[in-house]
Amino acid sequence: MTMRRIDLQPLEPFTSDFIDRTGAFNPGALEAATAIIEEVRQEGDTALRALTAKFDGVEVENFRVSEAAIEEAVAATDAETLDALRHAAAQIRDFHERQKQQSWFFARADGAIVGSKVTPLDSVGIYVPGGRALYPSTVLMNALPAQVAGVGRIVCVTPPTKDGTLDATVLAACKIAGVTEIYTVGGAQAVAALAYGTETIRPVEKITGPGNAFVAAAKKLVSGDVGIDMIAGPSEVCVVADETADPRMVAIDLMAQAEHDPLAACYLVTFSDAYADEVEAAIAEHLQRSTRADITRASLDDHGLIVVCTSMEQALETVNVIAPEHLEMHVAHAMEYLGAIRNAGAIFLGEWTPEAVGDYVAGPNHTLPTGGTARYSSPLSVDDFVKKSSIIQYTPAALKNDARAVVQIATHEGLWAHAQSVALRMEALRDAEQASVAGSAAAASVKAGEPGDE
């Protein structure tokens, strides 16, 4: 196992040219997903059954998982795993409760009221991957923010196992997280069903959750007809390690990401070739005991990168160029560097904070921007499961204050009716004011002409 290595010279900038990222999907996946989506739109459940048999090798008659099957799964899950899921759920829920925003209103001095009305989405669909691993944690990280936001209908789709069932821990996580419907279907066909509906599956308003290249391509294709969270590519981690960091811990943290997928990207940013050699030696030692050695080795060989920097400033700029999904600051006084980090999905500070705690129990969401998109996007949050409506109510006084500016800008833009919509109201106000003045004058005149008391 050998990771690619770059030794930066003093003041030499790290650029995106050094990064060889694998995209979320390829042209082949996009073409295949297009055909699958059209098939599901045309044939509904019949297409879902045929595609599940083709891609998963399983015949599924009834896609919806019954409440009885869910309860059986909970009963079949060992007590320690259930306890761990509930422990994680409590902390994830607590974190996301703190993200909730309330509707708000502000009254200006002229009487105008402006504000924002926060409304939960009616329905969301959560994609939970299968394949190389099972992900009850993905259920928790996607369903709990939706539940906290107030979403009424939370739908989970996930591929069947080889015997046609779903993993008991995934079903148990659905129960814990408040999922209201579960369907045994995966791949691009599941995304199509969530977006457009079939005889069995009603469409949803938004789709969240990670998947393979075909799932990512399908999410891109349905985006606009339905909301999506993001198009997630291969997972990635960047570890910044100085001489105080234990090479064995740094090595295992890199491997914890690499074992996800042969396409996962792992970056080590450090300050000497000698230290980098120690980390690689520790990886080689850990690989001898790994249960996912082949996947881990492929990831590190093909998508691993070591960057040797000459200063912390250079290292932090390297991080900002990489814009990693996960960033571990495995350095002394890690908190001191937080202000200089501009681009990262999740930041793990200090030697006692491995990325694995963020994957499962810390509370912040593990659905994070990949592929450098941390430059402009954020982790999944409660905000992804609500929509906001602007509220505006004007008084006559408020319209008077703003009328001249509105008419001027609308006229400059050549939008006559925009200007007139305000101008007509101003005329109506002037007419009303003139009528009021005339009425007051007439009343005063009548009163002045009345005979006084004798």
Side-chain angles (χ1 to χ4, degrees), residues 3 14 16 19-22 24 88 91-92 95 129 132-133 135 137-138 140-142 209-211 216 229-242 245-246 249-270 279 283 286 292 295-296 299-300 302-307 315-331 334-335 337-338 340-381:
M3 296 173 68
F14 182 90
S16 58
I19 304 173
D20 181 21
R21 275 193 165 109
T22 300
Q91 297 191 166
I92 295 165
F95 178 86
R132 291 188 180 91
Y135 296 101
S137 60
T138 296
L140 301 182
M141 292 290 183
N142 284 262
D229 53 347
M230 63 184 75
I231 300 171
S235 195
E236 55 193 21
V237 68
C238 176
V239 181
V240 179
D242 64 14
D246 185 331
M249 291 186 184
V250 172
I252 204 68
D253 288 357
L254 291 166
M255 292 173 65
Q257 203 63 41
E259 71 176 356
H260 271 295
D261 187 332
L263 298 178
C266 300
Y267 305 90
L268 170 62
V269 178
T270 190
V279 172
I283 291 173
H286 289 320
R292 296 170 71 85
I295 294 172
T296 304
S299 167
L300 294 172
D302 297 339
H303 302 286
L305 175 63
I306 297 172
V307 183
L316 293 172
E317 281 306 306
T318 297
V319 166
N320 287 324
V321 172
I322 295 171
E325 178 187 15
H326 307 92
L327 170 64
E328 285 193 16
M329 292 297 294
H330 211 320
V331 299
M335 182 64 80
Y337 304 110
L338 187 58
I341 300 166
R342 299 190 305 278
N343 303 327
I347 303 169
F348 301 80
L349 298 172
E351 62 182 324
W352 303 112
T353 319
E355 182 255 316
V357 299
D359 274 352
Y360 300 122
V361 301
N365 210 284
H366 80 192
T367 303
L368 302 166
T370 62
T373 59
R375 301 187 322 276
Y376 54 80
S377 56
S378 306
L380 193 73
S381 72

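Values below: every heavy atom of this structure, side chains too, minus hydrogens, waters and symmetry copies. It should be emphasised that the depicted structure is a prediction, and the values quoted were computed from it without experimental measurement.
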Closest non-hydrogen atom pair, [X] against [Y]:
X	Y	answer
A241	A245	CB-CB, 4.0 Å
I322	I19	CA-CD1, 3.9 Å
G233	T370	N-OG1, 2.8 Å
V279	A251	O-CB, 3.7 Å
S16	V321	N-CG1, 3.6 Å
R375	A323	CG-CB, 3.7 Å

**Request:** Walk me through it: do D261 and S235 pass the test side-chain contact (heavy atoms from CB on, under 4.5 Å)?
**Result:** CA-CA 8 Å; D261 187 332; S235 195; over 6 Å; no
Does any N or O in the side chain of [X] come within less than 3.5 Å of the main-chain N or O of [Y], such that one atom is a donor and the other an acceptor?
X	Y	result
H366	D359	yes
T318	F14	no
E325	E236	yes
Q91	V361	yes
E328	E355	yes
S137	Y360	no

**Prompt:** Hey, mind stepping through L380 and M141 against side-chain contact (heavy atoms from CB on, under 4.5 Å) and telling me if it holds?
**Reply:** CA-CA 8 Å; L380 193 73; M141 292 290 183; 5.9 Å; no
Between [atom1] on residue [X] and [atom2] on residue [Y], distance to nearest 0.5 Å:
X	Y	atom1	atom2	answer
T270	D242	OG1	CG	7.5 Å
C266	I306	SG	CD1	11.0 Å
I341	I347	CD1	CD1	4.5 Å
D246	H330	CG	NE2	7.0 Å
L263	R21	CG	CZ	13.5 Å
N320	N343	CG	CG	5.0 Å

**Prompt:** So M230 and T373, side-chain contact (heavy atoms from CB on, under 4.5 Å) or not? Walk me through it.
**Reply:** CA-CA 10 Å; M230 63 184 75; T373 59; over 6 Å; no
Taking side chain as C-beta onward, heavy atoms only, is [X] less than 4.5 Å from [Y]?
X	Y	value
M329	L316	yes
S381	N365	no
D302	P262	no

**Request:** Check the angle between the aromatic planes of Y135 and H260 and answer parallel, tilted or perpendicular using the 30° and 60° thresholds.
**Result:** parallel
**Message:** Could you walk me through whether S299 and Q257 satisfy the side-chain contact (heavy atoms from CB on, under 4.5 Å) test, starting with their C-alpha distance in whole Å, then the side-chain angles of each, then the deciding distance to 0.1 Å, before giving a yes or no?
**Reply:** CA-CA 9 Å; S299 167; Q257 203 63 41; over 6 Å; no
